Amino acid sequence: MRIGVVAPASVGNREAEAPALAFAALAYPEVDLVVHPQCWEQDGHFAGSDTRRADAFLEFANDPGFDAIWFLRGGYGSNRILPLVMPRLGPAARHKSYCGYSDMGFLLGALYARRIGRPVHGPMASDIRRQGGDATIARSLGWLARGDRSGLEPGLDGRPAAAFNLSILGALIGTPWLPDLTDHVLLIEEVSEPMYNIDRLLFHMGHATQLKGLAGVRLGAVTAVTPNEPEWNEPIETMVQRWCGDLGVPYLGRADIGHTQSNRLVPFGVA
């Protein structure tokens, strides 16, 4: 099993994220984890220029010698390379799994929209830095290498599903990169936003004509909320329920996804 690691967005931290390689070697000896040197390059905020990040992703995605692509980390920037990579993905790219979350939702959504490969919302290599991070990344490595279903989000019920960070979902709405989510259960999560902006993002979701056919919405973790003054006094579930009402789809409860140690895997489509 050969898994390629690339960083389509923010620059990586070699010292902090290298333990993921050591853990993989010990816990998954059947996995050949290959980290593209682009992961450690820097061009301002990004792990290399847009062209460099696109070329690195395409190099591994189009290589039939790789079975899966595991994204190093999120941050910001994968949206900038979508026009550079999507038209250039070849036959080998259609037979891979792609695993990540947060900003990688841009790529996962665009891949799923074109039925390229098997996108999955799940922990990235950089999650080794979390407390108990070995267990976090083991969920992704287990799924990618062994088809281990124990790391899947426990509420998946056989209906097609998709998972997004709410900010990424909002940026995708109204673009050709958002997949058709008709009859899908949509799982959402958010991090590092004030509640008023989360409400604004939920308004966008709740009135998006592209989402009218959803089977329902589930709410993952909302963490590291930025304080605002005066204090926000509406519970997050109340907010989601209200905007689901405007969208005309059922609110289906909580989900175990997000920028947390317990982040579970959500394969796009039917697991």
Side-chain angles (χ1 to χ4, degrees), residues 3 5 7-28 31 33 35 39 68-76 78 97-105 107-108 119-156 161-169 185-195 198 218-227 235-237 240 252-268 271:
I3 299 176
V5 179
S10 303
V11 63
N13 183 325
R14 186 196 297 265
E15 185 173 321
E17 288 148 3
L21 309 182
F23 172 78
L26 289 172
Y28 298 87
V31 173
L33 200 61
V35 180
C39 290
I69 302 295
W70 193 25
F71 297 121
L72 178 70
R73 59 163 301 173
Y76 171 70
S78 71
S97 294
Y98 299 85
C99 184
Y101 70 107
S102 194
D103 190 78
M104 296 304 105
L107 275 164
L108 298 176
V120 56
H121 181 284
M124 296 178 285
S126 61
D127 284 309
I128 191 70
R129 294 180 291 175
R130 298 188 183 278
Q131 184 175 2
D134 52 349
T136 305
I137 69 168
R139 290 193 283 274
S140 292
L141 286 169
W143 171 260
L144 293 173
R146 300 172 183 171
D148 183 354
R149 300 176 63 88
S150 64
L152 295 181
E153 205 287 323
L156 298 178
F164 288 98
N165 173 267
L166 189 57
S167 294
I168 306 306
L169 176 68
V185 175
L186 173 64
L187 290 74
I188 55 173
E189 55 88 19
E190 190 52 90
V191 65
S192 301
E193 294 287 348
M195 292 301 288
I198 294 172
R218 296 177 60 207
L219 174 65
V222 177
T223 54
V225 174
T226 304
I236 181 64
E237 281 197 85
V240 176
L252 301 175
R254 300 306 297 255
D256 198 2
I257 65 164
H259 287 65
T260 63
Q261 188 275 343
S262 63
N263 186 22
R264 299 280 176 165
L265 281 80
V266 179
F268 280 51

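The structure presented is a predicted model; accordingly, all values stated were derived computationally and were not measured. When a residue number appears, it is its place in the shown sequence, counting from 1.
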Q.
Could you check whether any side-chain heavy atom of P123 comes within less than 4.5 Å of a side-chain heavy atom of I128, counting everything from C-beta outward?
A. no

Q: Any chance you could measure R139, atom CZ, to L152, atom CG, to the nearest 0.5 Å?
A: 11.0 Å

Q. With a 3.5 Å cut-off and no angle check, do the side chains of E193 and T226 form a donor-acceptor pair?
A. no

Q | D127-T136 side chain donor-acceptor pair, cut-off 3.5 Å | A | no

Q: Rounded to the nearest 0.5 Å, what's the gap from SG on C39 to CG on N13? Could you check?
A: 12.0 Å

**Q.** S150 backbone acceptor or donor facing R264 side chain under 3.5 Å
**A.** yes

Q: Assess whether side chain to side chain contact (heavy atoms under 4.5 Å, CB included) is satisfied between H121 and I257, documenting all intermediate values.
A: CA-CA 9 Å; H121 181 284; I257 65 164; 4.2 Å; yes

Q. Any sub-3.5 Å donor-acceptor pair from R218's side-chain atoms to R254's backbone N or O?
A. yes

Q) How far apart are the closest heavy atoms of A271 and P267, and which atoms are they? A) CB-CG, 3.9 Å

Q) Taking atom CG of L252 and atom CG of L186, what is their separation to the nearest 0.5 Å? A) 10.0 Å

Q.
Taking CZ in R149 as the centre, count heavy atoms belonging to other residues, nucleotides or ligands within less than 6.0 Å. Is the count above 12?
A. no

Q) F164 and F268: ring-ring contact (aromatic ring centres under 6.0 Å, His included), yes or no, with the steps? A) CA-CA 10 Å; F164 288 98; F268 280 51; 5.4 Å; yes

Q: Supply the atom-to-atom distance L33 CG to L21 CG, rounded to the nearest 0.5 angstrom.
A: 5.5 Å

Q. Which heavy-atom pair separates A9 from G74 by the least distance, and what is that distance?
A. CB-O, 3.5 Å

Q) Is S78 reaching over with its side chain to a backbone N or O of P8, donor-acceptor style, under 3.5 angstrom? A) no

**Q.** Result of checking I188, I236, V240 against V222 for side-chain contact (heavy atoms from CB on, under 4.5 Å)
**A.** I236

Q: Please test D256 against S262 for side chain to side chain donor-acceptor pair (under 3.5 Å), starting from the C-alpha separation and ending with a verdict.
A: CA-CA 7 Å; D256 198 2; S262 63; 2.9 Å; yes

(Q) Please check: side-chain N/O of Y28 versus main-chain N/O of F23, any donor-acceptor pairing under 3.5 Å? (A) no

Q | Side chain proximity check, C99 to L144, heavy atoms < 4.5 angstrom | A | yes

Q. Hey, does V120 have a side-chain heavy atom less than 4.5 Å from the side chain of Y98?
A. no

**Q.** Under 3.5 Å donor-acceptor, W70 side chain and S140 backbone
**A.** no

Q) Looking at side-chain heavy atoms only, is the closest gap between V225 and P194 below 4.5 Å? A) no

Q: With the side chain counted from C-beta on, respond yes when L187 and V185 share a heavy-atom pair under 4.5 Å apart, and no when they do not.
A: yes

Q: Measure the CZ-CE distance between F71 and M124 for me, rounded to the nearest 0.5 Å.
A: 9.0 Å

Q. Is there a donor-acceptor contact under 3.5 Å from the side chain of S97 to the main chain of A68?
A. no

Q | Verdict with reasoning, T260 to T223, per side chain to side chain contact (heavy atoms under 4.5 Å, CB included) | A | CA-CA 8 Å; T260 63; T223 54; 3.8 Å; yes

**Q.** Atom of A125, atom of A20 and distance for their closest heavy-atom approach
**A.** O-CB, 3.7 Å

Q. Side chains of E190 and M195: closer than 4.5 Å at any heavy-atom pair?
A. no

Q: Give, for atom CG of L108 and atom CG of D103, the distance between the pair rounded to the nearest 0.5 Å.
A: 10.0 Å

Q. What pair of heavy atoms forms the shortest contact from I168 to G105, and how long is it?
A. CG2-C, 3.9 Å

Q) So, Q261 side chain and G132 main chain: donor-acceptor pair closer than 3.5 Å or not? A) yes

Q: Please name the pair of heavy atoms, one in H259 and one in S102, separated by the smallest distance, quoted to 0.1 Å.
A: NE2-OG, 3.0 Å

**Q.** Heavy-atom pair with the smallest gap, counting every atom of S126 and R73
**A.** OG-CB, 3.4 Å

